[in-house]
Amino acid sequence: MTDTTRVTVERVIPASTAAIFDILSNPLRHADLDGSGFIRSDAGAQRIQAVGDVFTMNMEGEHMGGEYQTDNHVTGYADNALLAWQTAPAGTEPPGWEWVWELEPQGPASTLVRHTYDWSKVTDKELLQKVKFPLVTEAQLEDTLVKLDEAATGS
């Protein structure tokens, strides 16, 4: 059976897990990586350091009527291996969608990067009708990995 509640893309990037994790754990870099075009900038966010951290991003998208902010609640953290967060409109609790980054070393200077957009925990039927998941497409997630590759390798 096909899973229709998540999209996962992966790419081998010729950079160490530490170098890639350094980029991903810094919200200042997220707008440069975003293949969806929704992220505009961070809102004074600090580097992600642990589960429970919250970082705020400035966003823009028709689905929210223009400019808005999100609070991103870190749900997974393992140094150089895993970052995950659930996103919510600023000042609200996350309604269930999650972004997951998994890094698997493929040698000293090569990493398999797996990026998952998961909305399987969204139960609000009104939200599911309004947002029309997946809001971010597989092609946009793949573009994010291309941008991450460029950021990590300088090419």
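Only heavy atoms go into these numbers, but all of them, side chains included; no hydrogens, no water, no symmetry mates. The first residue of the sequence shown is numbered 1, and numbering continues consecutively from there.
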Got [X] and [Y] here, is their nearest side-chain heavy-atom distance under 4.5 Å?
| X | Y | value |
| --- | --- | --- |
| Lys121 | Gln86 | yes |
| Val146 | Arg11 | yes |
| Val7 | Thr137 | no |
| Leu24 | Leu33 | yes |
| Val136 | Trp99 | yes |
| Leu103 | Asn80 | no |
| Val9 | Glu138 | yes |

Taking all non-hydrogen atoms of both residues, which atom of [X] and which atom of [Y] are closest, and how far apart?
| X | Y | answer |
| --- | --- | --- |
| Ala152 | Ile13 | CB-CG2, 4.1 Å |
| Lys147 | Asp34 | NZ-O, 3.4 Å |
| Ser25 | Pro27 | O-CD, 3.3 Å |

Exercise. Mind checking whether His30 and Trp101 have ring centres under 6.0 Å apart?
Worked result: no
Problem set entry | Main-chain N/O of Gly35 paired to Thr144 side chain as donor or acceptor, under 3.5 Å | yes
For this session: Look only at the side chain of Ser110 and the backbone of Gly107, and say whether a donor-acceptor pair between them is shorter than 3.5 Å.
Result: no
Rounded to the nearest 0.5 Å, what separates atom [atom1] in [X] from atom [atom2] in [Y]?
| X | Y | atom1 | atom2 | answer |
| --- | --- | --- | --- | --- |
| Leu145 | Arg114 | CG | CZ | 11.0 Å |
| Leu28 | Asp42 | CG | CG | 4.5 Å |
| Asp53 | Thr75 | CG | OG1 | 11.5 Å |
| Met57 | Gln69 | CE | CD | 10.0 Å |
| Asp79 | Gln49 | CG | CD | 10.0 Å |
| Ile20 | Leu83 | CD1 | CG | 11.5 Å |

Exercise. Listed by chain and number, what are the salt bridge (Lys or Arg N to Asp or Glu O under 4.0 Å) partners of Asp71, not counting sequence neighbours?
Worked result: none
Exercise. Which is it for Val100 and Leu82 under the side-chain contact (heavy atoms from CB on, under 4.5 Å) test, yes or no, and what are the steps along the way?
Worked result: CA-CA 7 Å; Val100 181; Leu82 171 72; 3.8 Å; yes
Exercise. Taking atom CD of Gln106 as the centre, does the number of heavy atoms from other residues, nucleotides or ligands within less than 6.0 Å exceed 12?
Worked result: yes
For this session: Say whether Ile23 and Val113 are linked into one hydrophobic cluster, either directly or through other cluster members, by side-chain heavy-atom distances under 4.5 angstrom.
Result: yes
Problem set entry | Short N-O contact, Arg47 and Asp22, less than 4.0 angstrom | yes
Exercise. Which residue pairs satisfy the ring-ring contact (aromatic ring centres under 6.0 Å, His included) criterion with at least one member in residues 5-25, sequence neighbours excluded?
Worked result: Phe21-Tyr77
